[in-house]
Amino acid sequence: MRQFNDRTVVITGAASGIGLALARRGANEGMRLVLADIDGERLRVAAGELQVPPERAFARFGAVHLLCNNAGVALTHLAWEHSIADWEWVLGVNLWSVVYGVRHFMPRLLAQKEESHVVNTASAAGLLSTPGMAAYNVSKHGVVTLSETLYLELTAQKAQVGVSVLCPAWVPTNIHQSKRTRPQRYGVAKPASEAAQAYQARSDQAVKRGRLTADDMADAVFRAVAERRFYIVPHSKLMQAVRLRMDDIVETRNPTPLA
Ligand SMILES: NC(=O)c1ccc[n+]([C@@H]2O[C@H](COP(=O)([O-])OP(=O)(O)OC[C@H]3O[C@@H](n4cnc5c(N)ncnc54)[C@H](O)[C@@H]3O)[C@@H](O)[C@H]2O)c1
């Protein structure tokens with residue numbers, strides 16, 4: 001999809017970080033924005049800055065051209081220390097939201113007979129298995145394989161709907177404060193064990209020191225959509241670790257610990 005001007009973009013998790021950067025970029029491209037987030041207050045502020053009201057897409061605009069399934073949360077615990085509620089929250093936001101997005105939007109995107117594109121935000125955690133992030137890793141691996149499956153099915157049908165999957169490594173956003181949006185029904189996460197706290201400290205630092213910004217992610221997404229490119233991996237150094245993991249699998253070696 002090369003033309004963005006006057007097209008409609010739907011973005012989940014648009015009140016902060018990568019979603020907000022996608023919204024800003026969409027506004028700069030002259031797109032009509034449809035923004036969703038669990039944090040209504042923050043979203044209203046963001047939408048005010050961008051001078052757009054969050055709206056229902058099909059009802060108001062008739063068609064959707066770019067869907068960014070981006071909302072996500074992170075949690076650090078050892079695999080066996082995640083409570084069932086932890087799993088349900090993380091998988092619910094990170095994976096089920098994409099499942100719902102695909103289920104509800106795809107039939108309409110196919111029916112509208114206009115060019116469109118779906119971008120699912122996964123993560124480096126969808127390509128690697130970083131310790132301390134079991135639920136997050138499972139959710140993001142799910143998003144990668146769902147996106148790959150969708151791509152292959154749409155390609156076989158010669159559909160006018162493109163698909164991409166965004167796999168960032170560390171980006172300075174509010175992801176390390178995800179518990180701020182944890183709904184009450186999931187209760188409060190138990191304090192992390194000492195081992196998990198060490199992983200948490202490492203990932204918090206990595207997020208804060210992330211060299212590429214949310215705006216860089218938005219640039220990478222819009223470039224990939226224009227080029228109909230599926231994999232969006234802005235942190236190129238990540239590929240060494242991905243290759244090592246793939247070699248482990250192909251050669252049936254035990255998983256090599258990440259550096
Ligand atoms: N920041 C990173 O280092 C990084 C790396 C890889 C992948 N990601 C992914 O990028 C995406 C965006 O995260 P971010 O880094 O911008 O974090 P962020 O916390 O700054 O933004 C995430 C947004 O999602 C919203 N959200 C949370 N639960 C929601 C729900 N149930 N419904 C709707 N919105 C909800 C939050 O309110 C927030 O506005 C996520 O999918 C995340 O997993 C981030």
Side-chain angles (χ1 to χ4, degrees), residues 10-25 34-47 49-50 54 67-76 85-86 88-101 104 118-130 132-133 135-144 146-147 164-186 189 200 202-218 220-221 231-235 237-238 241-242:
V10 176
I11 305 166
T12 67
S16 172
I18 296 170
L20 181 55
L22 287 167
R24 280 205 196 96
R25 177 62 191 260
V34 181
L35 309 178
D37 202 287
I38 198 171
D39 186 343
E41 196 43 52
R42 200 189 268 252
L43 184 65
R44 264 185 291 281
V45 172
E49 277 172 24
L50 296 168
L67 169 64
C68 298
N69 289 313
N70 166 79
V73 292
L75 177 74
T76 310
D86 293 339
E88 286 177 347
W89 175 49
V90 174
L91 291 179
V93 180
N94 295 4
L95 179 56
W96 275 98
S97 67
V98 185
V99 172
Y100 279 110
H104 289 289
V118 177
V119 179
N120 296 326
T121 302
S123 167
L127 306 172
L128 301 170
S129 301
T130 306
M133 300 165 58
Y136 190 76
N137 293 341
V138 170
S139 70
K140 295 301 187 177
H141 274 68
V143 173
V144 170
L146 172 57
S147 307
S164 300
V165 66
L166 171 64
C167 298
W170 309 110
V171 183
T173 65
N174 294 311
I175 191 86
H176 56 300
Q177 294 162 348
S178 289
K179 66 178 180 205
R180 73 190 186 282
T181 59
R182 180 172 168 133
Q184 273 182 353
R185 67 179 179 280
Y186 296 111
Q200 170 97 56
R202 265 177 56 182
S203 65
D204 284 1
Q205 277 307 311
V207 164
K208 284 181 198 154
R209 291 193 186 140
R211 200 173 41 83
L212 299 184
T213 64
D215 287 336
D216 293 327
M217 299 305 111
V221 165
Y231 293 107
I232 314 174
V233 186
H235 300 80
K237 281 191 186 156
L238 187 67
V242 174

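It should be emphasised that the depicted structure is a prediction, and the values quoted were computed from it without experimental measurement. Both counts, for ligands and for their atoms, begin at 1 and track the order of listing.
Heavy atoms of Pro168 approach ligand 1 to within less than 4.0 angstrom. Using a 4.0 Å cutoff on heavy atoms, Ala169 counts as a contact of ligand 1.
His104 and Tyr100 have parallel rings, their planes meeting at less than 30° on a 0 to 90° scale where 60° marks the start of perpendicular.
For Asp215, the side-chain hydrogen bond (donor to acceptor under 3.5 Å, both in side chains) test picks out no residue, with sequence neighbours left out.
Ranked by closest heavy atom to atom 29 (C) of ligand 1, the top entry among Ile18, Thr12, Asn120, Ile38 is Ile38. Of all the listed residues (Thr173, Asp37, Leu35), Asp37 holds the heavy atom that lies closest to atom 36 (C) of ligand 1. Comparing Gly17, Gly72, Ala124 by heavy-atom distance to atom 22 (C) of ligand 1, the nearest is Gly72. Closest heavy-atom approach to atom 7 (C) of ligand 1 among the candidates Ser203, Ala122, Pro234, Ala46: Ala122.
Taking a cut-off of under 4.0 Å to the non-hydrogen atoms of Lys140, the atoms of ligand 1 that pass are 40 (C), 41 (O), 42 (C), 43 (O).
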Distance-only check: which donor-acceptor pairs under 3.5 Å involve side-chain atoms of residues 10-22, not counting sequence neighbours?
from	atom 1	to	atom 2	distance (Å)
Thr12	OG1	Asn70	N	2.8
Thr12	OG1	Ala71	N	3.0
Ser16	OG	Asn174	ND2	2.9

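In this structure a side-chain-to-backbone donor-acceptor pair under 3.5 Å is missing from His176 to Lys208.
Listed here is the closest heavy atom pair of Val144 and Cys167: CG2-SG, 4.2 Å.
With contacts defined as side-chain heavy-atom distances shorter than 4.5 Å, the pair Arg182/Val73 does not qualify.
By the criterion of a heavy-atom distance under 4.0 Å, both the backbone and the side chain of Asn70 are placed next to ligand 1.
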